[in-house]
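Beneath this line is the structure, given in structure tokens, with notes to follow.
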There are 2 protein chains.
Amino acid sequence: MATQALIERILAASDGPSSSAIDALHELLDDATIEASAMPKSVAEAARLVGLSTHTLRYYEQEGLVRPARNASGYREYSAFDLRRLVFLTRMRLSGMTMTDLKRYTLLVEQGPSTIPDRRRIMLDQQDRITRQIRELGLALETTEYKIRVYDGHPEG
Amino acid sequence: MATQALIERILAASDGPSSSAIDALHELLDDATIEASAMPKSVAEAARLVGLSTHTLRYYEQEGLVRPARNASGYREYSAFDLRRLVFLTRMRLSGMTMTDLKRYTLLVEQGPSTIPDRRRIMLDQQDRITRQIRELGLALETTEYKIRVYDGHPEG
DNA sequence: CTAAGGCTTCGAGCGCGCTTGAAAGCAAGC
DNA sequence: GCTTGCTTTCAAGCGCGCTCGAAGCCTTAG
């Protein structure tokens, strides 16, 4: 029962875009709100779009994770490409990938296609890590469900 | 397809114990390896059983999360009860619950049944948090799957 | 009796990922 | 020209959750 509930929640979470449309989403822009205008975004706009602070965006640049262009006055200009990368970075950070690993990965990306095998390996490792993490979360979720059931007077049993 | 794979992974993760047996697991001991012997465990044994360091166990005690008894020489003795609590704590920590929240919760537990509504609330909040986190991990997992597919030469479409 | 290896307490240190603050430049409205 | 509010760089600080090291006590084997 708890397991079933978990699955239903996962389904609800990733259902909207039917499985085959997911690829298109990734390819196109990773996030519908980004492609709308092709105009580069200021650091504040970019921050708002990806849900980070301007400070964090500057920090990411300093760490070499993203390289927005600059306008005549030295202001940052985040292109759709930069925003896509930021979405990727955010997703990976939220899933627990470390800054160190993201730096390594980004470096490989900038070195061109010859590093694809290395990048693939990193993604496979992340995939494993995330899968383990989901397993752990499943256990924790069941534990909260159990406690709540007990607090509600374990109506079954 | 990615979604289906995700669900299958979740299923594989929490399948062994059939849904209805999960409650029993929680009630009995949370972890089969613990109940075997009723003898209290030393800090090192307890650490090994729950997968933490002895340093961390002492730290948790210092923070009031667990209260193992002491033997004549002042050594810690972790009972089955203490170990159960440690498993709970570990599970919650791994799911991202903060030390602060765990301290609050533990304090409520030690204040007796009158705090059950508060505890229930905390568990409901955690349940929400974990569910959101699983959603995020789902996105990240799809992203790694997408990248890997691309690196493999996107054999489909 | 001694040596090895557990255990104790205490306080300081650390790694990660930001976060904040200071000082100053640029843009747009009044 | 002045003000308001964005932007820049740089360096220092911080909160969390451990993690480590020192100094000394207890227990068991030889």
Side-chain angles (χ1 to χ4, degrees), chain A residues 39-79 82 85-107 126 129 133 136 140, chain B residues 39-79 82 85-107 126 129 133 136 140:
Chain A
M39 271 200 65
K41 306 278 187 261
S42 72
V43 67
E45 286 168 311
R48 193 183 52 72
L49 283 172
V50 301
L52 298 175
S53 73
T54 59
H55 282 302
T56 302
L57 256 48
R58 293 190 195 102
Y59 166 67
Y60 280 5
E61 178 175 357
Q62 178 182 318
E63 296 301 304
L65 296 183
V66 70
R67 297 177 158 284
R70 302 299 182 106
N71 70 12
S73 337
Y75 284 24
R76 287 168 179 81
E77 292 190 331
Y78 289 85
S79 67
D82 297 322
R85 180 172 282 186
L86 282 178
V87 170
F88 170 74
L89 294 170
T90 303
R91 222 158 253 190
M92 288 302 144
R93 285 290 304 118
L94 282 177
S95 79
M97 189 168 175
T98 63
M99 288 297 285
T100 304
D101 284 348
L102 272 177
K103 283 191 232 175
R104 264 189 347 123
Y105 181 85
T106 304
L107 208 59
Q126 287 310 310
R129 226 191 18 67
Q133 214 176 326
E136 272 165 12
Chain B
M39 271 200 65
K41 306 277 187 264
S42 73
V43 67
E45 285 169 310
R48 193 183 51 73
L49 283 172
V50 301
L52 298 175
S53 73
T54 59
H55 280 302
T56 301
L57 255 49
R58 293 191 195 100
Y59 167 67
Y60 280 5
E61 178 175 358
Q62 178 181 318
E63 297 300 304
L65 296 183
V66 70
R67 297 178 159 283
R70 301 300 181 109
N71 70 12
S73 341
Y75 285 23
R76 287 169 179 80
E77 292 190 331
Y78 289 85
S79 67
D82 297 322
R85 180 172 282 187
L86 282 178
V87 170
F88 170 73
L89 293 170
T90 303
R91 222 158 253 191
M92 288 303 150
R93 284 291 305 120
L94 282 177
S95 80
M97 190 167 174
T98 63
M99 289 297 286
T100 304
D101 285 348
L102 272 177
K103 283 190 231 174
R104 267 185 48 231
Y105 181 85
T106 305
L107 208 59
Q126 288 309 311
R129 226 190 19 69
Q133 213 176 327
E136 270 165 12

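Each chain gets a letter, A, B and so on, in the order the sequences are listed, and its residues count up from 1.
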How close do [X] and [Y] get, heavy atom to heavy atom, and via which atoms?
X: Ser53(B); Y: Ala47(B); answer: C-CB, 3.9 Å
X: Thr106(B); Y: Leu65(B); answer: OG1-CD2, 3.5 Å
X: Leu57(B); Y: Val43(B); answer: CD2-O, 3.7 Å

Evaluate the side-chain contact (heavy atoms from CB on, under 4.5 Å) criterion for residues Val50(A) and Leu89(A): first the C-alpha distance (whole Å), next the side-chain angles of each, then the deciding distance (0.1 Å), finally the verdict. CA-CA 10 Å; Val50(A) 301; Leu89(A) 294 170; over 6 Å; no
When the nearest nucleotide of DNA chain C is assigned to His55(A) and to Glu45(B) on a heavy-atom basis, which residue is associated with the more 5' position?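 Upstream on the strand: Glu45(B).
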Let me know the distance between [atom1] of [X] and [atom2] of [N], rounded to the nearest Å.
X: Glu77(A); N: dA27(C); atom1: CD; atom2: P; answer: 11 Å
X: Leu57(B); N: dC7(C); atom1: CG; atom2: P; answer: 11 Å
X: Tyr75(A); N: dA28(C); atom1: OH; atom2: P; answer: 9 Å

Partner set under side chain to side chain donor-acceptor pair (under 3.5 Å) for Glu77(A), not counting sequence neighbours: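 Applying side chain to side chain donor-acceptor pair (under 3.5 Å) to Glu77(A) gives none.
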Listed partners of Thr54(A) passing side chain to side chain donor-acceptor pair (under 3.5 Å), at least two apart: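 Side chain to side chain donor-acceptor pair (under 3.5 Å) check on Thr54(A) returns nothing, list empty.
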Partners passing salt bridge (charged side-chain N to carboxylate O under 4.0 Å, His left out) against Arg67(A) (at least two apart in sequence or in another chain):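 Only Glu110(A) meet the salt bridge (charged side-chain N to carboxylate O under 4.0 Å, His left out) criterion with Arg67(A).
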Partners meeting salt bridge (charged side-chain N to carboxylate O under 4.0 Å, His left out) with Glu61(B) (sequence neighbours left out):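 Expected list: Arg70(B), Arg76(B).
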DNA chain D: 5'-proximal contact among Ser73(B) and Leu52(B) (nearest heavy atom):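 The answer here is Leu52(B).
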For Val43(A) and for Ala72(B), find the nucleotide of DNA chain D with the closest heavy atom, then tell me which residue's nucleotide is more 5'.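 Residue closer to the 5' terminus by nearest nucleotide: Val43(A).
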Contact class for Thr54(A) (heavy atom, under 4.0 Å): base, sugar-phosphate, or nothing?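 Thr54(A): no heavy atom of the nucleic acid under 4.0 Å.
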Applying a 4.0 Å non-hydrogen cut-off, can you work out what Arg58(B) is touching in the nucleic acid: base, sugar-phosphate, or nothing?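 Base, at least one base atom sits under 4.0 Å.
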Could I get the full list of side-chain contact (heavy atoms from CB on, under 4.5 Å) partners for [X], not counting sequence neighbours?
X: Arg93(A); result: Tyr60(A), Met99(A), Leu102(A)
X: Thr98(A); result: Thr100(A), Asp101(A)
X: Leu94(B); result: Glu136(A), Thr90(B)

Side chains of Leu49(A) and Tyr78(A), heavy atoms from C-beta outward: is any pair under 4.5 Å?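 SC-SC contact between Leu49(A) and Tyr78(A) ruled out.
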We want to know whether Gln133(B) and Arg129(B) form a side-chain donor-acceptor pair, criterion being a heavy-atom distance below 3.5 angstrom.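 The criterion, which ignores hydrogens and geometry beyond distance, is satisfied for Arg129(B) and Gln133(B).
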For Met97(A) and Tyr105(A): C-alpha separation, side-chain torsions, deciding distance, then whether side-chain contact (heavy atoms from CB on, under 4.5 Å) applies. CA-CA 11 Å; Met97(A) 189 168 175; Tyr105(A) 181 85; 4.3 Å; yes
Quick one: how far along DNA chain D does chain A reach, first to last nucleotide 5' to 3', anything under 4.0 Å to a heavy atom?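 Range of nucleotides touched by chain A: dC6(D) to dT9(D).
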Verdict with reasoning, Phe88(A) to Met92(A), per side-chain contact (heavy atoms from CB on, under 4.5 Å): CA-CA 6 Å; Phe88(A) 170 74; Met92(A) 288 302 144; 3.7 Å; yes
Output the single nucleotide from dC7(C), dT9(C), dT20(C) whose closest atom is nearest the side chain of Arg70(B).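 Minimum distance to the Arg70(B) side chain belongs to dT9(C).
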Which nucleotides of DNA chain D pair, in dot-bracket form (Watson-Crick or G-U under 3.5 Å, | meaning another strand): ||||||||||||||||||||||||||||||
Might you list the N or O atoms of the protein lying below 3.5 Å from N or O atoms in nucleotides 12-14 of chain C, with each pair's distance?
none

Below 4.0 angstrom, which residues in residues 93-107 of chain A have at least one non-hydrogen atom near DNA chain C?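 Correct list: Arg93(A), Thr98(A), Met99(A).
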Please list residues of residues 59-68 of chain A whose heavy atoms come under 4.0 Å from any atom in DNA chain C, ordered by number; otherwise none.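 DNA chain C contact set from residues 59-68 of chain A: Tyr59(A), Tyr60(A).
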